[in-house]
Colleague: 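Below are the structure tokens for one structure; questions will follow.
Source: prediction; values computed, not measured. Here is the naming used below: chain letters follow the sequence lines, and residue numbers restart at 1 for every chain.
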Protein chains: 2
Amino acid sequence: MLERSHLAIIAAVDARGTLTEAATSLHLSQSALSHAIRKLEHQLGTALWEKEGRLLRLTQAGEQMLLLAKRLLPQFEHTEQLLKQFARGQRGALRIGMECHPCYQWLLKVITPFLSEWPDVDVDVKQKFQFGGIGALFSYDIDILVTPDPLRQSGLLYTPVFDYEQVLVVHNEHGLAHKTYVVPEDLIDETLISYPVERERLDIYSEFLSPAKCVPKEHKEIEATNIMLQMVAAGRGVAALPKWLVEEYAQTMPIRGVRMGKQGIAKQIFLGIRRSDESLAYLAGFIELAGRVQTSLK
Amino acid sequence: MLERSHLAIIAAVDARGTLTEAATSLHLSQSALSHAIRKLEHQLGTALWEKEGRLLRLTQAGEQMLLLAKRLLPQFEHTEQLLKQFARGQRGALRIGMECHPCYQWLLKVITPFLSEWPDVDVDVKQKFQFGGIGALFSYDIDILVTPDPLRQSGLLYTPVFDYEQVLVVHNEHGLAHKTYVVPEDLIDETLISYPVERERLDIYSEFLSPAKCVPKEHKEIEATNIMLQMVAAGRGVAALPKWLVEEYAQTMPIRGVRMGKQGIAKQIFLGIRRSDESLAYLAGFIELAGRVQTSLK
DNA sequence: TGAAGCCATGAGTATTTCTCATAGATTGAT
DNA sequence: ATCAATCTATGAGAAATACTCATGGCTTCA
């Protein structure tokens, strides 16, 4: 069987010209190389070099093998480099799953520095999962999950990266705009705008309206955050969004965030990964970076 | 160091699905494969598979390596095939050197069947040598030499393949055309046409004219055999060529061959090869074929 | 002709790779 | 749940392989 070491031998001999030098460059004794060549030629049933005195001339078989060596050796080396990077976690593909719609804005702030810190790691963001975010993690559709529900489970590892308050967004001139906080009953006559997900997963229902058995007059679903805010700014309804996000948009739009309930709705975002990926450097890097971005938003 | 065997392993596991089956297909015990993988993964510093129970899923590093395996393994196999053919002498390049101008016609009759008997062997014919035919053999410019002078020399091997008589070619109606044989003095008033080589290498001089201290009236040199014969047919001179060749052309041209001297000039053509190439099957094949063609020309 | 450099070879050692035997894990059927 | 079948992991010893050392022959060049 032709082995990589054989290719290395023929390439080294070609490069150095003599067996002795080739042996040195291969970190072998001259004797070892001589034995190796003898054995290889015997196995192949053909000489690789014609040896006239001390002159080496490749036979046709040797030429073929040298050709192969020059073609394959660089590929071996390249893949070894890649594998080394994988081993150090310096290279890979990071597939991020999102279970938190408004976090998209925040995610962009993490991804940008990440891409420049990890130039060899590709990033992809997925938002739809057949079996939920955790299912996507377990089925290797994603490598990291951005979620507000850290469903503890063996095999997964969650890191909190992001605390914020969920507030009600209203138009500047809205009747509720200047209250210290709103109560569920305030929304009975309002049009609520939300992302298109099941109500159980909307905090404004599960933590605010539903406990008080209130429902808004109307409920519209909109996918894009800025369109949602355009609607609010146009006085066409109210929405529930992270406070930091509202404050950002408030600089250019006539909108305002108002606390929901006396305590407000406190939220926390977690990053979940498979425990088996814990040692991947770029995953750790991503989580670390996410923690840094968090503080600048508080 | 990534080895071919490692590529074979990852490819076999990919193809068979389980380590046990892969081991069988590699003619290894399950244990050996397990040890090999363990060691490889340890060397690389990264796992190649995630093992969930008995399910194997390639890691990113494993994917890379499988990619490499699928690219390189066929190339290894192809080259091994080639080398096997070289070893059996079934493939190669046969470079033929010619030191016998008129033999070109004969050579064509050998090459044609040779090419079909040895479809994997390429043929090239060379006629000019910086250091003579033997030098060309020794310097590996050619692999086989067609020559009338078997200069015995250690390292070379000659095989006679071809006996013929060198005759004088004259026009049908030429005064010498009907003699049983010509003598040197007959040529004193003739124009001799020959290939452009040194006179010592022309038999008509060395074996016929020179011993009798005769020279022809004029001597013209022409490279192409059929042009030479056109000249003869036009009555512009006489030439010395193999009898069989003259007979062939005589069917369509008004020319005739006449014996030179009472005994005629007997010639023999040899094929010379390097002794180190003696075992090359296609060389032996060529020589054998050359022998067969000879008989049909006698 | 001798010195230096190169290659081949045999013998012994070191290392690697394999097998055998065994045990733990997982899967699927009863 | 239990059992059988199948798969994988591991340790230990055996077999095979690869390497080094020591040496000698050959080639080249001054």
Colleague: How close or far is atom C1' of D/dA18 from atom CD1 of A/Ile9, stated in whole angstroms?
Modeller: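 Spelled out: CD1 on A/Ile9 to C1' on D/dA18 is 11 Å.
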Colleague: Do A/Ser31 and D/dC21 share a donor-acceptor pair, side chain to base, under 3.5 Å?
Modeller: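 Such a pair exists between side chain and base.
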Colleague: With a 4.0 Å cut-off on N to O distance, would you call B/Arg95 and B/Asp124 a salt bridge?
Modeller: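 Not counted as a salt bridge, because no side-chain N and carboxylate O are separated by less than 4.0 Å.
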Colleague: Would you kindly give the CD-to-P distance between B/Gln30 and C/dG24, to the nearest whole Å?
Modeller: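 Result: 15 Å.
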Colleague: Using a cut-off of strictly less than 4.0 Å, decide whether B/Lys51 has a side-chain nitrogen or oxygen near OP1 or OP2 of C/dA25.
Modeller: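 For C/dA25, neither OP1 nor OP2 has a side-chain N or O of B/Lys51 closer than 4.0 Å.
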Colleague: Go through it in stages, so that I can follow the logic: the residues are A/Glu3 and A/Lys39, the test is salt bridge (Lys or Arg N to Asp or Glu O under 4.0 Å), and I'd like the CA-CA distance, side-chain angles, deciding distance and then a yes or no.
Modeller: CA-CA 12 Å; A/Glu3 291 293 335; A/Lys39 183 178 172 191; over 6 Å; no
Colleague: Send over the distance from A/Arg38 CZ to C/dT9 P, rounded to a whole Å.
Modeller: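 One finds 4 Å between P of C/dT9 and CZ of A/Arg38, rounded.
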Colleague: B/Ser29 side chain N/O closer than 4.0 Å to the phosphate oxygens (OP1, OP2) of C/dC18?
Modeller: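 No, outside the criterion.
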Colleague: Between B/Leu107 and B/Val125, is there a side-chain heavy-atom distance shorter than 4.5 Å?
Modeller: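 Yes, their side chains come closer than 4.5 Å.
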Colleague: Would you check, one step at a time, whether the test salt bridge (Lys or Arg N to Asp or Glu O under 4.0 Å) holds for A/Arg4 with A/Glu80?
Modeller: CA-CA 13 Å; A/Arg4 175 184 180 174; A/Glu80 269 174 346; 2.9 Å; yes
Colleague: Once hydrogens and angles are ignored, does a donor-acceptor distance under 3.5 Å link the base of D/dT8 to the side chain of B/Thr18?
Modeller: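 No such pair is found, so the answer is no.
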Colleague: Between D/dT17 atom C1' and A/Lys39 atom NZ, what is the distance in whole Å?
Modeller: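 Rounding to the nearest Å, NZ of A/Lys39 and C1' of D/dT17 are 6 Å apart.
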Colleague: Between C1' on C/dC6 and CG on A/Leu56, what's the gap in Å once rounded to a whole number?
Modeller: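 It is 10 Å, rounded to the nearest whole Å.
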Colleague: If I take atom CH2 in residue B/Trp49 and atom P in nucleotide D/dC7, what distance separates them, rounded to the nearest angstrom?
Modeller: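 My rounded result for the distance is 16 Å.
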Colleague: Starting from C1' on D/dA16, measure out to CD on A/Gln43 and report it in whole angstrom.
Modeller: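 Checked: the CD to C1' distance equals 13 Å.
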Colleague: Between D/dA9, C/dA8, D/dC19, spot the one nearest the side chain of A/Leu28, thanks.
Modeller: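 Nearest listed nucleotide: D/dC19.
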Colleague: Figure out the NE2/P separation between B/His35 and D/dA12, and round it to whole Å.
Modeller: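 Going from NE2 in B/His35 over to P in D/dA12 covers 11 Å.
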